[in-house]
Amino acid sequence: MSKPLSPETIAIIKSTAPALRQHGLAITTRMYERLFVDPEIKAMFDEAAQKSGEQPKRLAEAILAFAENADRLGALTPAIERMAARHVETGVRPEHYPAVANALLPAIKDVLGDAIDDGVLDAWGEAYWFLADVLKAREATLYTQAA
Ligand code: HEM
């Protein structure tokens, strides 16, 4: 299990979550612009979208929603289970997680600019990696079971 988020980080995230949600679509759009610069990652989403017929906007929305609930992860177990299953279907591996972090966090800064400072971005970075660790652990188990 990953190291729990500190009370300070949780407080920052909860106080800034409404601003991030308000600009959610802009942040998501900017995140995918940044993420899809990598053709290998873009291809994963293209193939998934062909099967599901939907834009994968849920990814960034989920990161926002989940960071807001980072202090009560138990409530998120069913959603984490769905995400991990979808990730295993689409071949997401631990080495892909930095690319999403490197797209999401600068996208937040691109959109919100001077409205947020480095402390806020650091808190969201911690929340991202907290979730990423939970997902990676569950996905490792699913990959082992499938092998
Ligand atoms: C903390 C990090 C992440 C979170 C919270 C997250 C969340 C999600 C969610 C909520 C979905 C939709 C699940 C469903 O169909 O019900 C999803 C799907 C997906 N995710 Fe992630 N994800 C994360 C990291 C990643 C990474 C690192 C990659 C790889 C680059 C990735 C690639 C995908 C793909 C390809 C899909 C399928 C999209 C589709 O069905 O069209 N995700 N993710």
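This chain uses plain numbering: 1 for the first residue, then up along the sequence. Atoms within each ligand, like the ligands themselves, are counted from 1 in listed order. Predicted, not measured: the structure shown is a model, and the values here were computed from it. All values below were derived from every heavy atom in this structure, side-chain atoms included, with hydrogens, water molecules and symmetry-related copies excluded.
- Residues E139 and K136 are not paired through a salt bridge, judged by the lack of any N-O separation under 4.0 Å between the basic side chain and the carboxylate.
- Taking only non-hydrogen atoms, the option from E89, H87, R93 nearest to atom 22 (N) of ligand 1 is H87.
- The N/O atoms of Y128, backbone and side chain alike, include none that comes under 3.5 Å of an N/O atom in ligand 1.
- Within ligand 1, counting atoms from 1 as listed, the ones closer than 4.0 Å to a heavy atom of A62 are 10 (C).
- Proximity of a side-chain donor or acceptor of D122 to a complementary backbone N or O of G125 within less than 3.5 Å is not detected.
- Here the side chain of Y97 pairs no donor or acceptor atom with the backbone of Y128 at under 3.5 angstrom.
- Side chain of K109 to backbone of I116: a donor-acceptor contact under 3.5 angstrom is found.
- Short contacts between ligand 1 and F45, defined as distances under 4.0 Å to a heavy atom of the residue, involve ligand atoms 31 (C), 32 (C), 33 (C), 34 (C), 35 (C).
- The heavy atom nearest to atom 31 (C) of ligand 1, out of those in L135, V92, V100, is found in V92.
- The CZ atom of R34 sits 10.0 Å away from the CG atom of L105 when rounded to the nearest 0.5 Å.
- Contacts between H96 and ligand 1, counted as non-hydrogen atom pairs separated by less than 4.0 Å, involve both the backbone and the side chain.
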